[in-house]
Protein chains: 2
Amino acid sequence: MVVDRLIDETVDGLFRSLADPTRRDILRRCGRGQLSVSQLAVCYPMSFAAVQKHVAVLEKAELVTKERKGREQLVRGKVETIRTAGRLLEELEVVWRGRIDRIEQILGDEKRGSRK
Amino acid sequence: MVVDRLIDETVDGLFRSLADPTRRDILRRCGRGQLSVSQLAVCYPMSFAAVQKHVAVLEKAELVTKERKGREQLVRGKVETIRTAGRLLEELEVVWRGRIDRIEQILGDEKRGSRK
DNA sequence: CTTATCTACAACCAGATGGTTGTAGATAGG
DNA sequence: CCTATCTACAACCATCTGGTTGTAGATAAG
């Protein structure tokens, strides 16, 4: 199993974070980590506090990190977490493709060793 | 752009569907499409109606399809939609990696024509 | 036909979510 | 020092979400 031992809550938070257009847009903007929270905030038709909350959600899901720079807080995207999400999806495909085969193989292995 | 013209609502529904452990488990189980809604329902500590709602959410997000078989409704995973989700994540990575380069390139192309 | 099973859907409820405003602490600049 | 800016966080509110129960339609089985 490629992505093991990620508890449900973590995965929930990861995908839930991605399920909001404002947060996806924040992610697109902050790949290089040059934008402060207030710079991000002016991009959206909502209050600073609302954007701050979105950033907090992303941070909790580890999709971004924040780095203090004077009185600003620079937001940077965390590529590893995006990859984790991608791997979770791939794993699903693998389960779909291999479920039955794998069960048969395991049952076979018990008496025959590897097949083919 | 690999994944174009997917409106926000669609993407929201896609990731939101994935942000629930019951629904992720349903997806894992129904890759081959052999399971009816009621067969799925007995796997979880909740009512039939609750599982039915989860399946409805997955169906609306096009992560599964349903196929009538007599009085049952067989649920089958839709691999293309999983791939769509994966591509959305990859696209994010691409934006992070190439944002600045691409802006420079577009500005350059305006006077130079296509490169390479 | 009658009954049991599978599905669909409405109504309802508690808790989470996404927004608001307001207050307050830190830091930069005049 | 004083002020403006950036951030943090609490309180509040409307809506969405994930669960429940109950009712009803269709199909399979006796």
Side-chain angles (χ1 to χ4, degrees), chain A residues 7-30 32-77, chain B residues 7-30 32-77:
Chain A
I7 50 177
D8 277 346
E9 283 176 28
T10 308
V11 183
D12 290 4
L14 180 50
F15 284 119
R16 190 169 294 278
S17 297
L18 293 166
D20 180 282
T22 303
R23 286 195 291 264
R24 288 193 300 275
D25 199 73
I26 290 174
L27 284 176
R28 278 183 222 108
R29 292 184 128 98
C30 69
R32 300 276 179 175
Q34 323 249 26
L35 291 176
S36 68
V37 179
S38 54
Q39 283 175 314
L40 282 169
V42 299
C43 303
Y44 307 100
M46 66 185 73
S47 67
F48 171 81
V51 174
Q52 200 181 20
K53 275 196 192 179
H54 280 304
V55 172
V57 169
L58 291 168
E59 190 184 16
K60 194 174 175 197
E62 296 189 81
L63 279 162
V64 304
T65 57
K66 288 193 290 191
E67 183 186 351
R68 271 235 105 85
K69 180 76 177 284
R71 63 185 157 183
E72 317 189 296
Q73 194 97 252
L74 302 185
V75 182
R76 162 171 286 121
Chain B
I7 49 177
D8 277 345
E9 283 176 28
T10 307
V11 183
D12 290 3
L14 180 50
F15 285 119
R16 190 170 295 276
S17 298
L18 292 167
D20 180 282
T22 303
R23 286 195 290 263
R24 287 194 300 274
D25 199 74
I26 289 174
L27 284 177
R28 278 183 220 107
R29 292 184 129 99
C30 69
R32 299 276 179 177
Q34 324 248 23
L35 292 175
S36 68
V37 179
S38 54
Q39 282 175 315
L40 281 169
V42 298
C43 302
Y44 306 100
M46 65 185 71
S47 67
F48 171 81
V51 174
Q52 199 180 22
K53 274 197 193 179
H54 282 304
V55 173
V57 170
L58 291 168
E59 190 184 16
K60 194 174 175 196
E62 296 190 81
L63 280 162
V64 304
T65 56
K66 290 193 289 190
E67 183 187 351
R68 271 234 106 84
K69 179 76 177 285
R71 64 184 156 183
E72 313 187 300
Q73 194 96 254
L74 302 185
V75 182
R76 160 171 286 123

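Within every chain, numbering begins at 1; the chains are lettered A, B, ... in the order of the sequence lines, protein sequences first and strands thereafter. Scope of the values below: all heavy atoms of this structure, side chains included, with no hydrogens, waters or symmetry mates.
Where A:Ala49 and A:Asp20 meet DNA chain C, the nucleotide closest to each residue was compared, and A:Asp20 sits on the side nearer the 5' end. Position along DNA chain C of the nearest nucleotide to A:Lys69 versus A:His54 favours A:His54 as the more 5'-ward residue. If you find the closest nucleotide of DNA chain D to A:Arg16 and to A:Leu74, the one lying nearer the 5' end belongs to A:Leu74.
Pairing each heavy atom of B:Gly13 with each of B:Ala61, the nearest pair is O-CB, 3.8 Å. For the pair B:Val64 and B:Val55, the tightest heavy-atom approach, listed with the atom from each and the gap, is CG2-O, 4.1 Å. Closest of all the heavy-atom pairs between B:Ala19 and B:Arg24 is C-NH1, 3.7 Å.
At a threshold of 4.0 angstrom between heavy atoms, the contacts of A:Lys66 are confined to the sugar-phosphate backbone, with no base atom among them. Nucleic acid contact for A:Ala56: none, since no nucleic acid atom lies under 4.0 Å from a heavy atom of the residue.
An OP1 or OP2 oxygen of D:dT21 is reached within less than 4.0 angstrom by no side-chain nitrogen or oxygen of B:Ser47. Applying the 4.0 Å criterion to OP1 and OP2 of C:dG18, one finds that A:Arg23 has a side-chain N or O inside that range. A sub-4.0 Å separation between OP1 or OP2 of D:dT7 and a side-chain N or O of A:Gln52 is absent. Applying the 4.0 Å criterion to OP1 and OP2 of D:dT5, one finds that A:Ser38 has every side-chain N and O outside that range. For A:Arg71 and D:dT3, the shortest distance from a side-chain N or O to OP1 or OP2 is not below 4.0 Å. Dashed line: the shortest gap from a side-chain N or O of A:Gln73 to OP1 or OP2 of D:dA8 is under 4.0 Å.
Atom pair B:Lys60:NZ and D:dC16:P shows a separation of 11 Å (rounding to whole Å applied). For the pair B:Met46 CE and D:dG18 P, the interatomic distance rounds to 10 Å; values are reported in whole Å. Following rounding to the nearest Å, B:Gln39 (CD) and C:dT7 (C1') show an atom-to-atom distance of 13 Å. Distance, B:Phe15 CZ to C:dT17 C1': 19 Å, rounded to whole Å. Across the protein-nucleic acid pair, B:Glu72 atom CD and C:dA4 atom C1' stand 14 Å apart, rounded to whole Å. Atom P of nucleotide C:dC6 and atom CG of B:Leu40 are separated by 13 Å, given to the nearest angstrom. Whole-Å rounding puts the B:Lys53 NZ to C:dA10 P distance at 11 Å.
Using a distance-only test at 3.5 Å, with no hydrogens or angles considered, no donor-acceptor pair links the side chain of B:Arg68 to the main chain of B:Gln73. Put simply, the side chain of A:Arg23 gets close to the backbone of A:Arg16: a donor and an acceptor are under 3.5 Å apart.
Side chain of B:Phe48, nearest nucleotide from C:dG22, C:dA8, D:dT20: C:dA8.
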